[in-house]
Amino acid sequence: MNEAILEAPGSVPPETAVNPVEQAINALKERFPEAVSDDPRDGYSGLLVAADKLPEVALALRDDLGFDYLSSVTGVDLIEDGKLEAVYHTYSIDQGGGSVVLHVQVDRENPVIPTLVPVWPGADFQEREAWDLYGIHFEGHPDLRRILTWDGFHGHPMRKDWKEPFYEEDTKPFGSRWPAGGVLRAEELNPYGQNVQYPPGWVPTGEEYDVETEMYAITGADLAYSIDASQQMKTDKITVNLGPQHPSTHGVFRMVVQLDGETVVDLKPVMGYLHRNHEKIGERNTFLGNIPYTDRLDYLSPISNNHGYVLAVEKLLGSVVPERAEWIRILTVELTRMANHLWAIGFLLNDLGALQTPMLYFYIERELILDFFETLTGARMMNNYMRFGGVAYDLPDDVRGQPTMSFLDELVNERLPKAIEQGNNLMTFNEIVRARSIGVGRLTRQEAIAYSMAGPMLRASGVNYDVRKAEPYSYYASLDFDIPVYYDGDVYDRYRVRMDELQQSLRILRQVLPYLKETEGSPVIDGKPSYAIRIPQPGEAYGRVENPKGELGFYITAKRRSASPERYHVRAPSFINLTSLGKMCQGHKVADIVVILGSIDIVLGEVDR
């Protein structure tokens with residue numbers, strides 16, 4: 001294992017640790033007495049901040065108090081109060097621990113909030129999302145355009161009073177499906193081509209397509225050509241599209257790229273082709289009914305997605321998880337991490353030009369993990385397994401005719417270690433891999449933090465941060481494992497972080513297996529499984545986990561006795577990690593774009609939601 005592995009924040013013994021969140025909150029209230037106050041709402045723990053003072057407060061939080069990492073920006077519609085709200089979750093990379101949460105509320109009819117992009121560039125896409133879905137105008141934002149819906153979309157679909165053409169009711173179960181249980185196909189009432197809304201009085205003029213023209217003009221006032229001084233050769237700059245049908249862009253993602261010859265001058269990601277307003281659906285589902293929707297966000301890491309969501313709801317419910325269920329949770333999410341990384345590394349090598357040999361090589365062992373998931377949950381992908389207060393089922397008796405514990409022993413101690421070692425020998429010091437990835441797509445430590453990068457993207461840039469250590473959940477605080485960190489911040493280091501994390505997941509699993517044997521026969525859920533769940537007290541909760549692609553967070557608010565979330569927001573690592581794509585590609589060649597994108601490891605289901 002590489003000597004660069006360090007201990008992560010959060011490893012300080014509790015008795016000697018201070019509470020940085022409490023210190024920061026007190027300092028902000030003392031420094032900005034007119035602009036900062038406690039949030040008085042029941043179940044809320046953050047600070048209310050005056051909109052006009054937000055940049056000053058954010059700067060003080062970042063520079064003076066050490067909360068230098070903006071994790072999440074969430075828009076909220078407080079329709080009953082006539083307000084819109086932006087919620088910021090900030091963390092301290094060096095100190096670890098919980099978040100300082102800032103709430104900014106503005107008039108719903110004139111929602112203007114200063115942008116935080118100059119403080120945290122990672123706010124860029126997240127503020128655009130809040131503008132797109134809620135209509136919050138972030139004053140001073142350098143590129144405030146829609147991001148998940150198209151530029152001609154009418155209205156802001158996450159507002160509580162926005163109704164889609166096939167709207168039935170605010171929450172499920174819809175009356176049309178109750179009590180007889182009949183299923184209404186909304187498409188039958190809304191023939192294709194009629195399921196869209198247009199502004200009142202709108203008549204097409206043909207100028208609607210100018211939004212594309214504006215997008216292509218990403219060069220601003222720059223010259224449209226460059227001159228090679230040595231040869232006095234003039235080269236025109238051109239703008240081209242990569243995707244969405246390009247094989248490397250996953251089918252529903254494209255990049256508008258400006259080139260000077262073959263050199264990338266600028267790059268803008270364009271997304272939203274797969275957007276289905278996952279969060280609106282989530283606010284209409286019951287709490288339990290949302291779990292299978294989380295599977296489909298990052299369909300390569302479904303059980304880990306379940307985990308982040310149930311942790312958030314369990315905070316609102318006050319659930320207690322039995323010991324055996326916690327060990328099973330760690331077993332399944334670490335196997336999910338390995339299945340994801342085997343896939344991600346294989347595809348990265350494919351993007352590097354290795355065709356499919358390494359990818360197929362890793363498929364063999366990945367299929368064994370999926371065999372286990374299929375026996376456990378009934379599905380190879382889209383595994384719907386976590387439940388509030390535990391898991392849906394105990395481990396099966398056998399997997400493909402082999403006793404389950406014997407299967408897991410062989411998988412963890414023989415099959416996976418052998419495959420990882422052989423893959424490491426084949427790829428890590430391969431001359432072509434190194435030539436194509438070292439020094440490519442570099443992000444410095446400061447840039448990675450500023451852009452809100454997460455997971456291997458963050459740790460490959462020398463940032464020792466992992467939610468499992470920084471703010472431990474489940475039984476991770478009781479386990480012995482290290483956080484792989486590298487320092488060059490390029491494609492090669494992201495590959496090496498993932499290779500090392502495969503080893504660390506094995507190390508965790510070897511510690512978990514004995515506990516599974518010891519707790520055999522113990523309960524896997526707290527009490528009797530409940531299907532009609534209502535939140536006992538109002539409030540907010542943010543549940544976050546270290547997913548294979550980085551921090552996955554769910555921000556949920558609920559009213560007392562409610563059966564559905566009032567606000568349901570996903571902090572999606574695939575989406576936020578794309579914020580730095582343009583920065584990483586500048587100065588590199590066209591062929592490098594594909595490799596840099598591959599090193600991020602995105603799933604468009606999670607990007608677009």
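The number of heavy-atom neighbours closer than 6.0 Å to CZ of F372, taken from other residues, nucleotides and ligands shown, is above 12. When the shell of 6.0 Å around CD of E80 is examined, it contains 12 or fewer heavy atoms from other residues, nucleotides or ligands. More than 12 heavy atoms of other residues, nucleotides or ligands lie within 6.0 Å of OH in Y363, so this atom counts as buried by the packing criterion.
Considering only residues two or more places apart in sequence or on other chains, R494 meets the salt bridge (charged side-chain N to carboxylate O under 4.0 Å, His left out) condition with none of them. Listed by chain and number, the residues in a side-chain hydrogen bond (donor to acceptor under 3.5 Å, both in side chains) with R609 are E129, E279 (sequence neighbours excluded). Annotation: side-chain hydrogen bond (donor to acceptor under 3.5 Å, both in side chains) contacts of E606 (sequence neighbours excluded): S574. D298 meets the side-chain hydrogen bond (donor to acceptor under 3.5 Å, both in side chains) test with S301, K549; sequence neighbours excluded. Among residues two or more places apart in sequence or in another chain, the ring pair (Phe, Tyr, Trp, His ring centres under 6.0 Å) test is passed with Y69 by Y465. With sequence neighbours excluded, the residues forming a side chain to side chain contact (heavy atoms under 4.5 Å, CB included) with D526 are V320, P322, listed by chain and number. For E421, the salt bridge (charged side-chain N to carboxylate O under 4.0 Å, His left out) test picks out no residue, with sequence neighbours left out. Every residue was checked against the side-chain hydrogen bond (donor to acceptor under 3.5 Å, both in side chains) condition with T286, not counting sequence neighbours, and none meets it. In this view, H278 and Y568 satisfy the ring pair (Phe, Tyr, Trp, His ring centres under 6.0 Å) rule, not counting sequence neighbours. For K280, the side chain to side chain contact (heavy atoms under 4.5 Å, CB included) partners are M158, W162, N277, R284, not counting sequence neighbours. When the salt bridge (charged side-chain N to carboxylate O under 4.0 Å, His left out) test is applied to R41, the partners found at least two apart in sequence or on another chain are D39, E85.
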Test log, rule salt bridge (charged side-chain N to carboxylate O under 4.0 Å, His left out), inputs D77 and R567: CA-CA 8 Å; D77 188 0; R567 178 67 177 108; over 6 Å; no
Salt bridge (charged side-chain N to carboxylate O under 4.0 Å, His left out) for E501 and R337? Distances and angles first, verdict last. CA-CA 8 Å; E501 286 186 355; R337 189 182 318 281; 5.1 Å; no
Tell me, with the steps shown, if E283 and S564 meet side-chain hydrogen bond (donor to acceptor under 3.5 Å, both in side chains). CA-CA 6 Å; E283 291 175 11; S564 305; over 6 Å; no
Decide yes or no on side-chain contact (heavy atoms from CB on, under 4.5 Å) for Y473 and E546, but give the supporting numbers first. CA-CA 10 Å; Y473 52 93; E546 187 65 43; 3.9 Å; yes
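Checked against a 6.0 Å centroid threshold, the rings of W327 and Y475 count as neighbours. Here H569 and F554 keep their ring centres 6.0 angstrom or further from each other.
Between Y44 and H103, the ring planes lie perpendicular to each other; the angle is over 60°, past the 30° to 60° tilted range.
Here the closest heavy-atom approach between residue F287 and residue I533 is recorded as CD1-O, 4.2 Å.
Salt bridge D493/R496: present, at least one basic N to carboxylate O contact under 4.0 Å.
Sequence neighbours left out, the pairs with a member in residues 378-407 that pass salt bridge (charged side-chain N to carboxylate O under 4.0 Å, His left out) are R324-D394, E367-R380, D371-R380, D371-R400, E374-R380, E374-R400.
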